[in-house]
Amino acid sequence: MEVERYERYWMWAATAMLVLFTGAIVATALTGAAHPPSHTETVDPETLTIRGEFASPGVVTGPDGRVTVSMRAEFYVFQPTVVRVPAGRPVRFRITSADVIHGFQVVGTNLNLTVAPGYVSEATVRFDTPGEYLVVCNEYCGLAHHLMQGKIIVEPAR
Ligand code: CUA
């Protein structure tokens, strides 16, 4: 059976891509290179509410003016539920989960983190527009998932 020349080229190209992509999956699995996308920092979910940064979550302004928001996501709330941050300055969010995987999405912005127990998800953002921002959980986490909300109040810079 005669195979067209271009047909043959494309068959080889497809085979090469298949080998390449399968190789990438195998290499990732064997080298343990797969990790949570935002930040690789672990935390013990068993002691979250007892000691450490996440036992008393909230907004902390450092001596250098850096703003850090620590937050716990748990059935079916964000702790704290409402946070106030300044506009026009970098704000670092550090979030972890006390139970299952939750989401942390700030509606109308590109801040969107997966929050997994045992890991601290981190992102630094700057809100330029003061106002109220809705936070929603976008990972199905249980019966009251749809009620899991928070609020970020961005206050005008002083
Ligand atoms: Cu938490 Cu859905």
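If you're wondering where the values come from, they're calculated on a predicted model, not measured in any experiment. Atoms within a ligand are numbered from 1 in the order they appear, just like the ligands themselves.
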Whether H145 has an N, O or S atom under 2.8 Å from atom 1 (Cu) of ligand 1
no
May I ask whether Y76 and V135 are part of the same hydrophobic cluster, defined by side-chain heavy atoms of I, L, V, M, F, W, Y residues being less than 4.5 angstrom apart, directly or through others?
yes
Vertex atom 1 (Cu) of ligand 1, arms to C141 SG and H102 ND1, rounded to 10°:
100°
With atom 2 (Cu) of ligand 1 as the point of reference, which N/O/S atom of E139 is the closest?
O
Could you check whether the rings of F127 and Y133 sit parallel, tilted or perpendicular, using 30° and 60° as the cut-offs?
tilted
Strictly under 2.8 Å, is atom 1 (Cu) of ligand 1 approached by any N, O or S atom of M148?
yes
Judged by atom type as modelled, is there a donor-acceptor pair below 3.5 Å linking the side chain of R72 to the main-chain atoms of F54?
yes
So does I101 have more than 12 non-hydrogen atoms from other groups sitting under 6.0 Å from CD1?
no
